[in-house]
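The structure under discussion appears below in the form of structure tokens.
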Amino acid sequence: MLLNNDGEKKGQQLNDGSMLLREERQAIELWIAKMGKQHFFDTPTQRMTSATNTLNLQYEMIGNGYNRIVFDLNNGYILKVALNEVGMISNANEAYIYHNCREEVKKYICPVREFGTGWIIMKKMDTNVRHALIDYTKLIKLEIIFLIYGIVPIDLRIANVAFSEKNEMVVIDYGLFTMDLKSPVLRWFV
Ligand SMILES: Nc1ncnc2c1ncn2[C@@H]1O[C@H](COP(=O)(O)OP(=O)(O)OP(=O)(O)O)[C@@H](O)[C@H]1O
Ligand SMILES: [Mg+2]
């Protein structure tokens, strides 16, 4: 990505309202194609290095988990790119849940702005852990709310929550949540 004197993005913007430039989308496509060919026993570190080198995005990396690498788009949004198959599923699942869940639970999950194969753009949330320590009981309440509204909140834990401007606890990683009680993910737990 190129920046002009005002720090604005320069490059080919697709006129589909996307926050990403054409080149950035192409770099993600290239990485996803490469990712599929990565050696099964690559270490997570090797995978991360391979991903960052191929993506070559000029955004700051603000986080990563086992399955996704997260960049700050500097406009109040973040970009998550898959590092493996689970990351691919998680991105698709978050887009699905956000667009199909009951209105009542939407305020508890991080809003999705746009998504494509292997990537998703979400609102940037405050991940300051100090709140999280105080609000441990909120996590349990949240778990119950999801269950009431037909979502099984698999992998809901402190590392996967953050806070909105209104200081509300919001889930930022709901990639393994399911609205489908026959989901194969649930079979891991029984
Ligand atoms: N919406 C967000 N706003 C701010 N930071 C975020 C956001 N989403 C993710 N992050 C940061 O990136 C990290 C990794 O994101 P995420 O948990 O979604 O990845 P993952 O690979 O699915 O994680 P896991 O290892 O739990 O499966 C988070 O712990 C957090 O620090
Ligand atoms: Mg996570």
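Order of listing sets the numbers, starting from 1, for every ligand and every atom in it. Only heavy atoms go into these numbers, but all of them, side chains included; no hydrogens, no water, no symmetry mates. When a residue number appears, it is its place in the shown sequence, counting from 1.
Atom 16 (P) of ligand 1 has Asp173 OD2, 3.7 Å as its closest protein atom, hydrogens excluded (heavy atom only). Of the protein's heavy atoms, Asn64 N, 3.8 Å lies nearest to atom 13 (C) of ligand 1. Of all protein heavy atoms, the one closest to atom 29 (O) of ligand 1 is Ala159 O, 3.6 Å. Protein heavy atom in closest approach to atom 1 (N) of ligand 1: Lys123 O, 2.9 Å. The closest protein non-hydrogen atom to atom 25 (O) of ligand 1 is Tyr66 N, 2.7 Å. When only non-hydrogen protein atoms are considered, atom 27 (O) of ligand 1 lies nearest to Asn67 ND2, 2.9 Å.
A salt bridge is absent between Glu168 and Lys166; no separation between the charged side-chain nitrogens and carboxylate oxygens falls under 4.0 Å. Using a 4.0 Å cut-off between charged side-chain N and carboxylate O, Glu143 and Lys138 make no salt bridge. Taking a cutoff of 4.0 Å between a charged side-chain nitrogen and a carboxylate oxygen, Asp16 and Arg25 qualify as a salt bridge. Look at Asp173 and Arg68 and you find a salt bridge, because one of the NZ, NE, NH1 or NH2 atoms lies within 4.0 Å of a carboxylate O, short of that distance.
Residue Lys124 has at least one heavy-atom neighbour below 4.0 Å for each of these atoms of ligand 1: 3 (N). With ligand atoms numbered from 1 in the order given, ligand 1 contributes 1 (N) to contacts under 4.0 Å with heavy atoms of Cys110. Heavy-atom contacts of Thr127 reach the following atoms of ligand 1: 4 (C), 5 (N) (cutoff under 4.0 Å). Numbered from 1 in the order shown, with element, the atoms of ligand 1 that lie under 4.0 Å from a heavy atom of Asn160 read 17 (O), 26 (O). Close contacts of ligand 1 with Lys80, meaning ligand atoms under 4.0 Å from a residue heavy atom, involve 8 (N), 9 (C), 18 (O). Close contacts of ligand 1 with Met125, meaning ligand atoms under 4.0 Å from a residue heavy atom, involve 2 (C), 3 (N), 4 (C).
Aromatic ring pairs are classed by plane angle as parallel below 30°, tilted from 30° to 60° and perpendicular above 60°; the pair Phe177 and Phe146 is perpendicular.
When Asn91, Ile172, Val171, Val70 are ranked by how near their heavy atoms come to atom 30 (C) of ligand 1, first place goes to Ile172.
Neither Ile78 nor Val170 shares a network with the other; the hydrophobic side chains, linked directly or stepwise wherever heavy atoms of I, L, V, M, F, W or Y lie under 4.5 Å apart, form separate groups for each.
Put simply, Asn67 stays out of reach of the Mg ion (ligand 2), with no N, O or S atom under 2.8 Å from it. Among the atoms of Asp155, no N, O or S atom is found under 2.8 Å from the Mg ion (ligand 2).
At a 4.0 Å heavy-atom cut-off, ligand 1 touches Arg157 through the side chain alone.
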